[in-house]
Amino acid sequence: MILKVDNLVKKYGAVTAVNNLSLEVHKGQVFGILGPNGSGKTTTLGVVMGVIKSDSGSFSWFGENQPQKARGQIGTLLETPNFYPYMNAVDNLKVVAHIKKTAQPKIDELLEMVNLKDRKKSKFTTYSLGMKQRLAIAAAMISDPEVLVLDEPTNGLDPEGIVEVRNLILQIAKKGKTIILASHMLDEVEKICSHVAIIKKGALLSVGGVGAIINKQQTVEIGTEDQTQLNALLEKCTFIHSFSPTKLGYELVLKDEFSAADLNKYFFDNHLVLTHLLVKNRSLEQEFLEITQ
Amino acid sequence: MLRLLQLEWLKLKPNATFRVFVLLYFLALPLFFPIGLFMDFPKEFSILSIYSFPDVWSFAGYLGSWLTFFCFGFLGVLMITNEYAFKTLRQNIMTGLTRSEFLASKLIMFGAISLFATIYYCIVVLGYGYSNTDFIINSKVLEQTYLIPSYFLQCFGYMCVGFFIGFLVKRSGLAVFLLLFYTFFIENIFRQVIHFNIAPGPLVNYYPMNSLEDLVPLPLRQLKFAQNQAWQRDNVEFLLTQTEAILVSSCWIGIIIGMIYLILKRRDL
């Protein structure tokens with residue numbers, strides 16, 4: 001057992017930020033906490049990291065009741081990367097290593113991993129957001145912790161930065177580390193996490209393996225000039241879960257593990273050319289509606 | 001303890017503001033010292049005597065107390081408002097520092113800075129004293145060395161007060177303004193106007209900044225002109241005695257640190 005949260009409650013005045021939340025994170029999991037902005041993700045992580053005081057409920061790290069000792073063994077990136085702006089990357093990491101009591105921090109190695117070696121002597125204040133975020137990940141890794149707590153690690157990054165950070169997280173996860181990741185982006189959780197808890201207004205909606213919780217079916221919109229042949233092929237197709245008509249043609253929900261490419265190939269093999277093929281990203285909003293129903 | 005001092009040193013060493021304040025103190029103390037030559041002193045107070053033993057201790061101490069207030073009192077403010085502005089207090093705690101350790105690291109650094117400020121004060125005093133005293137008599141040299149621990153306590157106290165105000169309001173500009181406003185207006189008005197008129201008595205001098213100031217006062221005790229007419233009439237001393245000043249300011253420092261500790265323990269960061 002890495003983390004156990006029991007009936008956690010945190011109120012800000014009349015607003016209940018975390019409402020009776022219980023969670024369990026086990027070793028080796030990449031545990032996603034998914035929820036829209038303001039759903040209590042950061043507050044929950046703030047409580048278990050000792051910076052926010054809960055009103056009731058409890059939590060324990062590593063099955064022990066020693067949160068202060070535990071924090072030394074966890075790498076954390078909560079909300080924004082927090083460093084001393086007048087200090088360079090190396091000096092900032094030295095401060096982190098000093099607090100963590102890491103005797104010989106592998107600062108150069110870490111900076112290489114996050115691709116900041118060339119800028120290691122530049123002041124933190126001169127860094128771009130992506131560089132700051134990467135430095136924060138290096139800082140979280142400095143004591144080679146068993147557990148990483150990451151809150152919106154790709155927030156505010158450009159697409160390239162997002163991919164870099166996600167690959168970094170996957171790379172770390174492969175080493176068998178436990179990662180707790182809060183995100184409001186469904187596809188991020190889907191791509192990275194093994195387990196997910198979905199929270200809304202501070203309350204837990206559902207929890208379990210990613211495959212079991214998040215619907216992996218893809219939604220595709222298609223259109224063609226030959227409506228009758230399309231209808232016939234749709235009836236025969238084996239990997240369509242359901243379909244409904246739209247202005248341009250049909251909206252199809254594919255069965256698990258099938259993609260738009262399979263669909264396109266199927267029609268092409270059957271001598272039907274599509275004039276319109278659109279893969280629809282399911283919004284978190286829709287996903288929530290499905291889960292809550 | 002050494003670990004916490006090292007941690008604070010890692011944070012302070014590259015800080016430009018810290019360097020400027022330290023440089024200012026180290027330059028200003030010996031360079032502003034000759035100011036006395038241009039000051040309009042009463043006849044009883046020989047200009048020569050303030051540069052020679054034993055009065056050089058009190059005069060340099062008085063000058064130094066202004067510098068410690070402005071250099072290190074402000075530094076006390078910045079050492080906490082920076083941590084709030086950069087969100088590094090929050091990050092330090094998440095990284096694994098306990099709240100008590102965080103406070104301790106600051107207090108230990110205040111102690112170290114005050115110690116260096118005091119040692120430097122002694123060096124300046126001895127330098128000026130030995131070069132300006134015609135007849136060195138050891139008893140005269142040592143007569144006012146009781147000011148040395150007071151000087152240390154005063155610097156430490158100023159840093160704690162600055163830290164406390166910075167801790168309460170979290171923003172450096174506002175905190176510095178409040179520190180100045182409280183020191184030069186609020187406390188004086190409350191103490192000398194309101195409190196004095198309602199209940200004149202020794203308690204009038206027991207306010208935090210006043211007790212800290214009286215640790216190293218301008219040596220006016222013997223000077224009649226310093227005595228406010230009204231205060232004399234009501235038989236209220238203008239200054240605290242050394243013992244009183246040490247006891248009262250130690251109490252205030254204890255109360256301030258205690259309050260910071262209690263708030264820090266409970267506060268969401």
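Chain naming here is simple, since letters A, B, ... match the order of the sequence lines and numbering starts at 1 in each.
Contact annotation for A:Phe124: neither backbone nor side-chain heavy atoms come within less than 4.5 Å of a heavy atom of chain B. Only the side chain of B:Glu83 comes within less than 4.5 Å of a heavy atom in chain A; its backbone stays farther off. Contacts of A:Gln73 with chain B are absent, with no heavy-atom separation under 4.5 Å from either backbone or side chain. For B:Arg266, the part sitting under 4.5 Å from any heavy atom of chain A is the backbone (N, CA, C, O) and nothing else.
Among B:Gln91, B:Met94, B:Glu101, B:Arg99, the residue making the largest number of heavy-atom pairs under 4.5 Å with chain A is B:Met94. Contact count against chain B (heavy-atom pairs under 4.5 Å) is highest for A:Pro85 among A:Ala139, A:Pro85, A:Ala140. Of all the listed residues (A:Ile99, A:Ile142, A:Val95, A:Ile52), the one sharing the greatest number of non-hydrogen pairs under 4.5 Å with chain B is A:Ile99. Heavy-atom pairs under 4.5 Å with chain A were tallied for B:Leu7, B:Leu97, B:Leu4; the largest tally goes to B:Leu7. Comparing A:Ala70, A:Ser143, A:Pro67, A:Gly50 by heavy-atom pairs within less than 4.5 Å of chain B, the highest count is held by A:Gly50. Comparing B:Ala16, B:Gly96, B:Ala85 by heavy-atom pairs within less than 4.5 Å of chain A, the highest count is held by B:Gly96.
With salt bridges taken as basic N to acidic carboxylate O contacts below 4.0 Å, one links A:Lys10 and B:Asp268. We find that A:Lys120 and A:Asp108 are joined by a salt bridge, their nearest charged nitrogen and carboxylate oxygen being less than 4.0 Å apart.
The neighbour count for A:Lys11 NZ, taken as heavy atoms of other residues, nucleotides or ligands under 6.0 Å away, does not exceed 12.
Here the side chain of A:Lys200 pairs no donor or acceptor atom with the backbone of A:Leu205 at under 3.5 angstrom. Side-chain atoms of B:Thr81 do not come within 3.5 Å of backbone N or O of B:Arg171 as any donor-acceptor pair.
For the residue pair A:Asn82 and A:Thr80, a side-chain donor N or O sits within less than 3.5 Å of a side-chain acceptor on the partner.
Proximity of A:Ile179 to A:Cys193: side-chain heavy atoms (C-beta onward) are nowhere separated by under 4.5 Å.
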